[in-house]
There are 2 protein chains.
Amino acid sequence: MVVLVSPGLDEARLELGKALEARMMVTMVANCTVSYSGRTGSDIGEGERLIVLKGDGCVLVHRGRDYQPVNWQPSGCVFQTRIEGGRLLVKAVRPSPLETLTIEMDRIEFLSTFNLKDEAEFILHSSEEEMQKAILAEPDLIEQGLRVIDFEKKVAPGFVDVYGVDSQGNTVVIEIKKDPAGAAAVKQLVEYLKYLSPAEGKKVRPIIVAPSLAKGVLPTMEKMKIEFKPLTLQKSLETLQKRMKSDQKALKGWLGDAPSEKS
Amino acid sequence: MVVLVSPGLDEARLELGKALEARMMVTMVANCTVSYSGRTGSDIGEGERLIVLKGDGCVLVHRGRDYQPVNWQPSGCVFQTRIEGGRLLVKAVRPSPLETLTIEMDRIEFLSTFNLKDEAEFILHSSEEEMQKAILAEPDLIEQGLRVIDFEKKVAPGFVDVYGVDSQGNTVVIEIKKDPAGAAAVKQLVEYLKYLSPAEGKKVRPIIVAPSLAKGVLPTMEKMKIEFKPLTLQKSLETLQKRMKSDQKALKGWLGDAPSEKS
DNA sequence: GCCTAGGTCCCGTCT
DNA sequence: AGACGGGGCCTAGGC
C-alpha cells in the first residue's frame, strides 16, 4: 500500500505506473479535465474529482455528488500514462468497441494504491430467477395440475420464461416479472404468442406472474386474454426454502440419517 | 482534507462523522462485510474493499475488480455510524423505496475525506439528439425537398422523432437511431403508423434513419414498406459544424465583422 | 461478433 | 406518487 499526499506529477506517474503494472487498485483525487471519445463523445472542464483505476482495466471518475461516475471505462482497458505540458495524462483505451478516455491532471491532491484481498462470494437473494425456480419446483404456485415442459424456451427472437401445459392440455406461457408488470411485459408476452401454437383443439394461455400490475395494462390484458397470477419474491423464497427442507429430509431418509459428505 | 492510514475504529468514526456532517466525500479501504436489504437482499463476507460515501448521500462499495460496485446506495440516503463488538458499522438508509445498506468494518487500512471543488459543466456530444438536430437543420440530408413540420410529435403511444412532408406532399415519419436499427426500432415506427394518416390522395412514408440496419429486420421493413436512409453520428456532427460556421459567417456579416461579445 | 433480456439497474420527465 | 423511455447504460448467456 502506498499513500502520497500532494505528490509531484513525476512521483505520481511513477507510483501509478508501478501499481498498474502490478494490477493494483489506484485511487487519486486531482484537479483534472476528462474527455471521452467512442460510441459518442464527452468533455468536462477543470474540477477536482475522485479517480479510481482497477487492476482489471476499468476506470471511474467521480464528482463530489451523484451515484454515477461522470466518466468511466469498463473492464478490459489498456492504460497509458505520460507527462505533457505540465500535466499528467492517463489514457484508458478499450479495444472493442474502440473507446478512449483521457484524464489530464494538473494538480494531484492525493494518490494511493492498494492490493485488495477479497475472496468472498457475493450472494444476491432473489430476483426473477428465484421466482422462476419456485415455479419450476412447485408449479401449483400458479395453478393445480400445471406441468412445466421447458423454461427459457427460445421462440422467434426471445425466450419464454416458463412453458408448460395445464390440466386440460392447454399450452401455458408464463412471463415473470419481479416488479409490477407494465406495458413492456405485456408486449413481450404478446410477441411470444405469435410464435406459439396450442395442441389440436386446445388454447394457448398466456399468464403474467408478478407481484402486481401497473395501472394502464388491464385493458390490453383483457383484450389479449392474458391472465394474471400474483406472486411475490417473498412467497417464492418461502416456497424454495420449504422445498429445500423437505429435500433434505428425503435425503436423510435415503441415507439412513447418516450425515452427508461434504464436497 | 484528512488522510488517515490504519486508523483505530474510534478515530475513524470521529473523522467519518465530521466529514458526513460537512457533506464531504469520504473514501475508505477496509476489511468488511456488507449486507443490503430492500427491493431484494444481498450479503457478502469478509474482504477488503474500497468504500466511497458522498455528500449527497450515496454510497459505493467497490471490490478489486469490476466496473460495477458490488453494493451501493443511490443519492438521498441518511447515514448512521456506530461502533459495536469491535467493528465500525456504517448504515446508509434510503427512505423511498426503503432500503438499507450496512457495512461492518473490523480493520480500516485507510480513510480520507475531501471537499471537491468542481463547478465544471459536463458536455455529452451524443446520440440521437445530434442526428435529429442535423436533420432539422438540413432536411436534405434525408432527401431533397423534405420539409420538416414537427419533431418529438406526440402520437398515441409515444413521440415521433421527426415529422414532415416530402416534395410530393406525402407525409414523412422519421425514426432516428444512433446505433444499427433493430427490430425494436421497426416495431416502434410501425406502432406510430397506426395513428398517422396521409393527406388526401397521398401516402405516409415511414423512414428509419440510422448508421445501418441490424441483420433480421430487412424482411419486415420491406413488408411494411419502411424506407432506410443511412446517417451516421459523424455525418450529423459535420453537418451541424458546417451549419454553425455558416451561421457565424452570417452573423459576422450582420455585425459588420465585429468580434462577438462573450457571455 | 451480434442479439436478447435483466438489473437493488439509475435517471429524467411527464401525468 | 407511478409510469415510461433512454443510457457511452453494464453484464451474462446463446449462437
Side-chain angles (χ1 to χ4, degrees), chain A residues 34-43 58-61 66-76 92 94 96-101 122 124-132 152-161 175-185 187-188 191-192 212-217 233, chain B residues 34-43 58-61 66-77 92 94 96-101 122-129 152 154 157-159 161 176-184 188 212-217 233:
Chain A
V34 188
S35 69
Y36 157 78
S37 164
R39 284 166 289 178
T40 74
S42 78
D43 281 288
C58 67
V59 189
L60 310 162
V61 180
D66 300 332
Y67 163 75
Q68 285 194 193
V70 65
N71 279 109
W72 71 92
Q73 204 69 289
S75 303
R94 187 189 188 189
S96 170
L98 182 57
E99 299 182 292
T100 307
L101 185 70
F122 176 72
L124 177 64
H125 314 296
S126 83
S127 57
E128 221 181 273
E129 198 185 339
E130 307 290 325
M131 293 174 71
Q132 190 185 51
E152 299 302 331
K153 178 188 169 68
K154 182 102 180 78
V155 296
F159 301 84
V160 167
D161 284 341
E175 176 65 33
I176 306 170
K177 291 291 162 204
K178 73 171 175 51
D179 297 312
K187 241 187 244 174
Q188 203 174 331
E191 197 57 28
Y192 296 155
S212 66
L213 288 177
K215 91 181 159 189
V217 301
L233 277 175
Chain B
V34 189
S35 69
Y36 158 76
S37 163
R39 283 166 291 178
T40 76
S42 78
D43 281 289
C58 67
V59 188
L60 311 162
V61 181
D66 301 332
Y67 163 73
Q68 285 196 192
V70 64
N71 280 110
W72 72 92
Q73 203 69 292
S75 304
C77 291
R94 186 189 188 190
S96 171
L98 182 57
E99 299 182 294
T100 307
L101 184 70
F122 176 72
I123 299 162
L124 179 63
H125 322 291
S126 92
S127 94
E128 245 185 70
E129 197 184 339
E152 299 302 332
K154 180 102 181 81
F159 299 85
D161 284 342
I176 305 171
K177 289 292 162 203
K178 74 174 172 49
D179 298 312
Q188 201 175 332
S212 67
L213 288 178
K215 86 180 159 191
V217 301
L233 184 53

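In what follows, chains are A, B, ... by sequence order, proteins preceding strands, each numbered from 1.
- Between A/R94 and A/Q68, the one whose closest nucleotide on DNA chain D sits nearer the 5' end is A/Q68.
- Taking atom NZ of A/K178 as the reference point, atom P of C/dT8 lies 7 Å away to the nearest angstrom.
- A/A184 comes within contact range of no nucleotide atom at all, as no heavy-atom separation falls under 4.0 Å.
- Put simply, A/F159 does not rest on the base of C/dT4: the two rings are not both less than 5.5 Å apart at their centres and under 30° in tilt.
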Working for side-chain contact (heavy atoms from CB on, under 4.5 Å), residues A/K177 and A/Q188: CA-CA 11 Å; A/K177 291 291 162 204; A/Q188 203 174 331; 3.6 Å; yes

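- Nucleic acid contact class of A/F122 (heavy atoms, under 4.0 Å, all strands): base.
- Here the separation of C/dT4 from C/dT8, taken at their P atoms, is 22 Å to the nearest Å.
- Summarising the geometry, the separation between CD on A/E129 and C1' on C/dC9 is reported as 17 Å, rounded to the nearest angstrom.
- Closest-nucleotide positions on DNA chain C for A/G158 and B/E99 were compared, and the one nearer the 5' end corresponds to A/G158.
- The distance from atom NZ of A/K215 to atom P of D/dC4 is 8 Å, rounded to the nearest whole Å.
- For the residue pair B/A214 and B/G182, the shortest heavy atom distance occurs at CB-CA, 3.8 Å.
- In terms of position on DNA chain D, the residue among A/S42 and A/K154 whose nearest nucleotide sits closer to the 5' end is A/S42.
- With hydrogens and angles disregarded, a donor-acceptor distance shorter than 3.5 Å links the side chain of A/Y192 to the backbone of A/F159.
- At whole-Å resolution of the value, CG in B/D179 and C1' in C/dC2 are 13 Å apart.
- Across all strands, A/E175 comes closer than 4.0 Å only to sugar-phosphate atoms, never to a base (heavy-atom distances).
- Residue B/P74 is classed as a sugar-phosphate contact, given heavy-atom separations below 4.0 Å to backbone atoms only.
- Comparing A/L124 and B/P180 against DNA chain C, the residue whose closest nucleotide sits nearer the 5' end is B/P180.
- Taking atom CG on B/L98 and atom C1' on C/dT8, their separation rounds to 13 Å, with Å as the unit.
- Within 4.0 Å of B/Y67, counting heavy atoms only, lie sugar-phosphate atoms of the nucleic acid but no base atom.
- Atom NZ of A/K177 is separated from atom C1' of C/dG7 by 11 Å (rounded to the nearest Å).
- Using a 5.5 Å limit on the distance between ring centres and a 30° limit on the angle between planes, the aromatic ring of B/W72 counts as stacked on the six-membered base ring of C/dT8.
- Rounded to the nearest Å, the gap between the C1' atom of C/dC11 and that of C/dG7 is 14 Å.
- The base of D/dG8 sits within donor-acceptor range of the side chain of A/Q73, with an N or O pair under 3.5 Å.
- A distance of 9.5 Å separates CG in B/L101 from CH2 in B/W72, rounded to the nearest 0.5 Å.
- Side-chain contact check for A/S42 and A/N71: at least one donor-acceptor pair (N or O, by modelled atom type) lies under 3.5 Å.
- Here A/K187 lies out of heavy-atom contact (under 4.0 Å) with every strand.
- Judged by distance alone, the side chain of A/Q73 and the main-chain N or O of A/A92 form a donor-acceptor pair under 3.5 Å.
- C/dC14 is paired with D/dG2 under the Watson-Crick or G-U wobble criterion, all donor-acceptor distances under 3.5 Å.
- Contacts of B/D66 with the nucleic acid, taken as non-hydrogen atoms under 4.0 Å apart, are absent.
- Across D/dG7 and C/dG6, the matching C1' atoms stand 15 Å from one another, rounded to whole Å.
- With both ends at atom C1', the span from D/dG5 to D/dC9 equals 13 Å, rounded to whole Å.
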